[in-house]
Number of protein chains: 2
Amino acid sequence: MAPVSPPTRPALRARYERRRHEVVATAAQLFAERGYSETSIGDLTAATGLAAGGLYHYIGSKEALLLSICDELLEPLLPRAREIAAAPGPAERRLRELMHAWLEHIEAHLDHMLVFAQERHVLERDPQWAHLRRRRKEFEQILDELLARGEAEGTMSFPDRSMTLLALLGMVNYTPQWLRPAGRLSAAEIADHYCDLILA
Amino acid sequence: MAPVSPPTRPALRARYERRRHEVVATAAQLFAERGYSETSIGDLTAATGLAAGGLYHYIGSKEALLLSICDELLEPLLPRAREIAAAPGPAERRLRELMHAWLEHIEAHLDHMLVFAQERHVLERDPQWAHLRRRRKEFEQILDELLARGEAEGTMSFPDRSMTLLALLGMVNYTPQWLRPAGRLSAAEIADHYCDLILA
DNA sequence: TCTAATTTCGAGCGGGCGTTCGGATTTTCT
DNA sequence: AGAAAATCCGAACGCCCGCTCGAAATTAGA
């Protein structure tokens with residue numbers, strides 16, 4: 001996750017991080033449309049304007065870059081989910097808020113999401129990815145607990161809660177493949193629709 | 001799709017196709033768990049027991065092998081879907097039957113499915129994959145028409161049919177990531193649950 | 001049994017890829 | 001201005017991978 005040589009002088013950290021963030025975003029875009037393995041370092045240097053050496057100043061390695069993309073995606077989402085789920089109010093309201101936040105996050109990070117989804121098989125095996133596995137698992141647990149609370153409160157009922165959860169995960173994880181920011185449907189509308197589907 | 005040198009003598013065709021099918025299945029398994037790019041020809045020779053030359057006798061090239069996996073997956077499903085959708089009876093019954101067939105097909109070809117899903121970004125760009133794009137599109141159209149027929153018959157109603165279709169595709173396409181043949185849920189149960197969700 | 005077709009072998013080739021590294025350039029701070 | 005830190009360059013390296021090819025082994029059919 002950490003790049004090779006971040007500047008020690010604090011005044012330069014900001015510029016460094018900004019530039020690094022640009023590089024990661026550019027890479028996410030390329031990876032999303034061509035695939036990680038099908039994108040070469042040459043493609044990356046062409047897209048960023050940096051030469052190989054300059055690029056490695058920021059990314060450390062190609063695989064670390066991939067990890068950075070997924071980190072940038074999951075890191076802010078999980079605390080937000082915790083926060084929303086822990087807030088007061090009925091489970092259904094909590095769920096709808098969480099779905100909104102989730103889908104807005106997806107809409108704002110389509111490329112990152114597509115890359116993350118693409119690398120599922122790496123996620124499940126490589127020990128370097130263990131912390132991401134944990135994060136994803138906790139996120140799914142938060143969702144599941146919300147559904148369970150809804151059942152306990154009597155406002156939701158599912159024939160099979162765990163299957164409903166999987167269906168929900170499926171819908172949402174598929175969304176980046178067709179969602180377009182300029183498209184007909186907003187993230188909020190989609191979130192509401194998905195909620196209606198499983199709560200009906 | 002066609003390998004390099006299929007035998008001309010018809011008596012040998014059967015054995016050749018059988019062996020070839022074995023190779024494709026083995027490859028699908030490896031690709032599904034490690035990823036296409038992360039699986040080397042060396043891995044393939046080790047898993048099949050064939051040496052490099054022998055392997056290429058059946059696969060033609062690594063990319064052609066990937067295409068074969070996806071072909072074997074989609075080729076039988078589409079005609080079956082056409083048949084089911086065209087059969088007489090109310091739309092809801094047609095849809096349920098199609099979902100059953102679909103999920104049983106997934107259950108029977110988990111590896112192929114995972115590989116196909118993994119290569120989404122290739123599917124959408126490479127001209128070599130055009131016929132697979134067409135097949136998938138037609139399959140989705142069949143589904144959409146079934147939903148539309150349900151609405152016309154008055155037995156289904158959706159706030160937004162195209163979004164419901166996308167939700168359904170999401171659920172089903174995600175299924176191979178958790179479905180296990182020895183698991184708690186059968187393909188039939190899952191299909192019914194999914195139908196219930198969108199028809200509620 | 002003899003021949004031709006088929007299947008298999010495996011060393012080796014050519015190329016592309018990720019990465020390195022020494023130095024040049026630019027920037028920051030005193 | 002001067003020194004130290006940070007940024008960037010790009011040629012070059014070594015490795016690994018997909019693939020080839022001529023020959024050997026096996027099998028089918030007469």
Side-chain angles (χ1 to χ4, degrees), chain A residues 1-24 26-28 30-31 34-69 115 119 122 126 128, chain B residues 1-24 26-28 30-31 34-69 115 119 122 126 128:
Chain A
M1 178 186 171
V4 154
S5 54
T8 53
R9 288 196 251 180
L12 299 184
R13 277 307 272 266
R15 190 170 53 127
Y16 178 86
E17 291 299 344
R18 183 161 22 93
R19 197 98 175 75
R20 175 179 149 80
H21 186 267
E22 278 174 27
V23 170
V24 172
T26 305
L30 288 185
F31 290 172
R34 307 184 193 178
Y36 170 73
S37 299
E38 290 75 14
T39 304
S40 69
I41 296 293
D43 295 332
L44 256 21
T45 58
T48 55
L50 285 168
L55 185 65
Y56 272 79
H57 181 60
Y58 291 101
I59 67 171
S61 77
K62 198 190 173 192
E63 201 186 341
L65 174 58
L66 181 59
L67 266 167
S68 296
I69 291 172
V115 173
E119 298 306 317
V122 183
D126 200 311
Q128 277 203 275
Chain B
M1 179 183 171
V4 155
S5 54
T8 52
R9 287 196 256 177
L12 300 184
R13 276 309 272 263
R15 190 171 52 125
Y16 178 86
E17 291 299 344
R18 183 160 24 92
R19 197 99 177 76
R20 174 179 148 81
H21 186 267
E22 279 174 27
V23 169
V24 172
T26 304
L30 288 184
F31 289 173
R34 307 184 194 181
Y36 170 73
S37 299
E38 290 75 14
T39 305
S40 70
I41 296 294
D43 295 331
L44 256 19
T45 59
T48 55
L50 285 168
L55 184 65
Y56 272 80
H57 180 61
Y58 292 102
I59 68 171
S61 76
K62 198 189 173 193
E63 202 186 340
L65 174 57
L66 180 59
L67 266 167
S68 296
I69 291 173
V115 174
E119 299 304 319
V122 183
D126 200 309
Q128 276 202 276

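First the proteins, then the strands, lettered A, B, ... as listed; each starts at 1.
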For Arg13(B), side chain to side chain donor-acceptor pair (under 3.5 Å) partners two or more places apart: none

Interatomic distance where CD belongs to Glu17(A) and P belongs to dT7(D) [whole Å]: 10 Å

Close N or O pairs between protein and nucleotides 18-27 of chain D (under 3.5 Å):
{"unit_1": "dG18(D)", "atom_1": "OP1", "unit_2": "Lys62(B)", "atom_2": "NZ", "d": "2.7"}
{"unit_1": "dG18(D)", "atom_1": "OP2", "unit_2": "Ile41(B)", "atom_2": "N", "d": "2.6"}
{"unit_1": "dC19(D)", "atom_1": "OP2", "unit_2": "Tyr56(B)", "atom_2": "OH", "d": "2.6"}
{"unit_1": "dC19(D)", "atom_1": "OP2", "unit_2": "Lys62(B)", "atom_2": "N", "d": "2.8"}
{"unit_1": "dC19(D)", "atom_1": "O5'", "unit_2": "Tyr56(B)", "atom_2": "OH", "d": "3.3"}

side-chain contact (heavy atoms from CB on, under 4.5 Å) partners of Ala28(A), counting only residues at least two apart: Ile69(A), Asp111(A), His112(A)

Interatomic distance, Arg19(A) CZ vs dT27(C) P [rounded to whole Å]: 12 Å

Rounded interatomic separation in angstrom, taking CG from Leu30(B) and P from dC17(D): 14 Å

Atom-to-atom span, CZ of Arg34(A) to P of dC17(C) - whole angstrom: 12 Å

Rounded distance in Å - CG (Leu44(A)) to C1' (dT19(C)): 13 Å

Protein-nucleotide distance (His57(A), atom NE2; dC8(D), atom P), rounded to Å: 6 Å

Atom-pair distance (CG on Leu50(B); P on dT7(C)), nearest Å: 11 Å

Pairs involving residues 47-61 of chain B, ordered by first then second residue, that meet salt bridge (Lys or Arg N to Asp or Glu O under 4.0 Å) (sequence neighbours left out): none

Ring centre gap for Tyr16(A) and His57(A) strictly below 6.0 Å: yes

Side chain to side chain donor-acceptor pair (under 3.5 Å) involving Thr45(B) - partner list, sequence neighbours excluded: none

For atom CG of Leu55(A) and atom P of dT20(C), their distance in whole Å: 12 Å

Any pair counted as salt bridge (Lys or Arg N to Asp or Glu O under 4.0 Å), so long as it reaches residues 38-66 of chain A, sequence neighbours left out: Arg34(A)-Asp43(A)

